[in-house]
2 protein chains.
Amino acid sequence: MPKLFLVTRSEENYIKTIFHLGGSSSTLIATNAIAEQMETKPSSVTDMAKKLADKGIVYYKKYQGVCLTDIGVKKALSIIRKHRLWEVFLVEKLDFTWDEVHEVAEQLEHIKSEKLIDRIDALLEFPKYDPHGDPIPGKDGTFLKQDKQLLSEVPLNKVAVCVGVKDTSPTFLKFLDKNKIALGDTIEVLEKEEFDHSLLIKLANHELSISHQIASNLYVKINY
Amino acid sequence: MPKLFLVTRSEENYIKTIFHLGGSSSTLIATNAIAEQMETKPSSVTDMAKKLADKGIVYYKKYQGVCLTDIGVKKALSIIRKHRLWEVFLVEKLDFTWDEVHEVAEQLEHIKSEKLIDRIDALLEFPKYDPHGDPIPGKDGTFLKQDKQLLSEVPLNKVAVCVGVKDTSPTFLKFLDKNKIALGDTIEVLEKEEFDHSLLIKLANHELSISHQIASNLYVKINY
DNA sequence: ACTAATTTTTAGATTTGTCTAAATTTTAAT
DNA sequence: ATTAAAATTTAGACAAATCTAAAAATTAGT
Ligand SMILES: [Mn+2]
Ligand SMILES: [Mn+2]
Ligand SMILES: [Mn+2]
Ligand SMILES: [Mn+2]
């Protein structure tokens, strides 16, 4: 009965942000957190919280925060699905680099056409992950949570495979390119420096020392 | 010097409409004509005319109408280029039919990324025409005007090739599909009915009687 | 438990894009 | 040349989305 048909671009951006901040379970996300993430003001968030609550997209408890309703989660997953499929498209079909895709996908994710995104999905042969290693939600709302961990938490001498990035900023991604670290690469932790928590890691053809900040933005999966 | 960098979606739609109504030369387009085309009110058009004039995109003469400046024409061609390239993409890469593409292209044409549209262009191998036979403006602003005429104006027993449609509504396009008329088809005018100006035409494998309204929405090029 | 600091909300203003209704200008018709 | 009709503009209003500044509520520190 709720007419979820009219969701504006701005509303979609709020929905996505709330999802990414963890508002998909019943955890309430603070107004300030949303405002900071979106580079907007808390008062704007409050306004939108009311609007989204009226539409049945979020649950809003005054002074406490918001979380997505079931409808809101569905909507969020649909937007994220579009965002990530477009990112794959840009890389696979148009030779964009992984640091270039996010900005354009931010626009493309708002295109309204179910047929379009389904066909893109098919053209790409139903990819499971986007160029940053993030899982692509299914058309039906399924959402794989992969078991991955930060490289900074991997024990010494363990061999792991790089599967994702936490920070997806162009700066970080280009740093990885420059240092020849890519998704799918095998990484072994050779040393952990006690002083600054930097790591000495071994890649296929080179060894490299990386700061803790780098290591705590790289997701890996340990080989058993 | 004028910062043409911020052009809103709404402004883009006005620019495109003015272009399509002939406002690319110095012909002034009436407020009412724009309003009707865009299904909006004349007063809204006046407001926008002022805004676009301020930005140097249109020349606006009070009570007379608007036409595009050189900057405006360039902007219009860029939007039309994007619209038509996306239409080709949808048909060629995603198996959309020619009656489905316009609606989605109306959204996609507003995506801001020069790299994106250039790569789409390359992926499609630099098409010259969109699925409706309309020419695709070049990146540099070139715009081929093809010599085509309406089927309704072709003399008897002349053989012509179908090269475009004037009406691009799904209704008309589906009518053409149903009657097996497609771009590239050869058409010969066998008879012209004096009473209602309907035509008897000969296609590759069938003859067909079409009304004047149909014939005056089909562009053809006569074989010499 | 009581301040003090922080967070959140409200109130009022602004911008963009639209509308209606009234006023103005242009055009067409006698 | 007047008058009537049509087109266009203005004035004022509204909804969406944002902001600033002030008020209210919550949280934290003692
Ligand atoms: Mn992204
Ligand atoms: Mn991504
Ligand atoms: Mn079109
Ligand atoms: Mn077209």
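Keep in mind that the numbers below use all heavy atoms, side chains included, and drop hydrogens, waters and symmetry copies. Below, chains carry the letters A, B, ... as their sequence lines are ordered, and counting in each starts from 1.
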* Which salt bridge (Lys or Arg N to Asp or Glu O under 4.0 Å) pairs, counting each pair once, include a residue from residues 25-41 of chain A, with sequence neighbours left out? -> none
* Structure fact -> chain A vs DNA chain C, heavy-atom contacts under 4.0 Å, first-to-last nucleotide span, 5' to 3', is C:dT7 to C:dT10
* Any donor-acceptor N or O pair under 3.5 Å, side chains A:His132, A:Glu87 -> yes
* Determine which pairs satisfy side-chain hydrogen bond (donor to acceptor under 3.5 Å, both in side chains) with at least one residue from residues 43-54 of chain A, sequence neighbours left out, and list them in order. => none
* Determine, step by step, whether A:Val104 and A:Trp86 satisfy the side-chain contact (heavy atoms from CB on, under 4.5 Å) criterion, reporting the C-alpha distance in whole Å, the side-chain angles of both residues, the deciding distance to 0.1 Å, and the verdict. => CA-CA 9 Å; A:Val104 184; A:Trp86 278 116; over 6 Å; no
* **Partners meeting salt bridge (Lys or Arg N to Asp or Glu O under 4.0 Å) with A:Lys139 (sequence neighbours left out)** => A:Glu114, A:Asp118
* **Interface residues of residues 9-36 of chain B with DNA chain D (non-hydrogen, below 4.0 angstrom)** => B:Ala30, B:Thr31, B:Asn32
* So, the side chain of A:Thr69 versus the backbone of A:Ile57: is there a donor-acceptor pair under 3.5 Å, distance only? -> yes
* Structure fact -> Sorted by number, residues from residues 37-47 of chain B placing a heavy atom under 4.0 Å from DNA chain C are B:Thr40, B:Lys41, B:Ser43, B:Ser44, B:Asp47
* Pairs where residues 108-131 of chain B contributes a residue and the test ring pair (Phe, Tyr, Trp, His ring centres under 6.0 Å) is met, not counting sequence neighbours -> none
* Can you check whether A:Lys112's main-chain N or O pairs, donor with acceptor, with B:Gln107's side chain at less than 3.5 Å? -> yes
* **First and last nucleotide of DNA chain D, 5' to 3', lying under 4.0 Å from heavy atoms of chain B** => D:dA7 to D:dT10
* Asked: Taking only residues at least two apart or on different chains, which pairs with a member in residues 141-151 of chain B satisfy side-chain hydrogen bond (donor to acceptor under 3.5 Å, both in side chains)?
  -> B:Asp140-B:Thr142
* Asked: Considering only heavy atoms from C-beta outward, does the side chain of B:Ile120 approach that of A:Leu94 to under 4.5 Å?
  -> yes
* Would you kindly say whether A:Asp177 and A:Trp98 are connected by a side-chain donor-acceptor distance under 3.5 Å? => yes
* Structure fact -> Quick note, ring pair (Phe, Tyr, Trp, His ring centres under 6.0 Å) partners involving residues 59-84 of chain B, not counting sequence neighbours, are B:His83-B:His102
* Asked: Would you call B:Val154 and B:Leu199 a side-chain contact if the rule is heavy atoms closer than 4.5 Å?
  -> no
* Identify the two heavy atoms, one from A:Asp167 and one from A:Ser169, that lie closest to each other, and give their separation to 0.1 Å. => OD1-N, 2.7 Å
* With no hydrogens and no angle check, is any side-chain donor or acceptor of A:Lys128 less than 3.5 Å from a backbone partner on A:Asp134? -> no
* **Sub-4.5 Å side-chain heavy-atom contact between A:Asp95 and A:Val91** => no
* Can you sort out which residues in residues 59-67 of chain A have a heavy atom within less than 4.0 Å of DNA chain D? Ascending by number, please. => A:Tyr63, A:Gln64
* Quick one: do the B:Thr27 and B:Ser25 side chains pair a donor with an acceptor below 3.5 Å? -> yes
* Quick one, which residues of residues 102-110 of chain B touch DNA chain C with a heavy atom under 4.0 Å? -> none
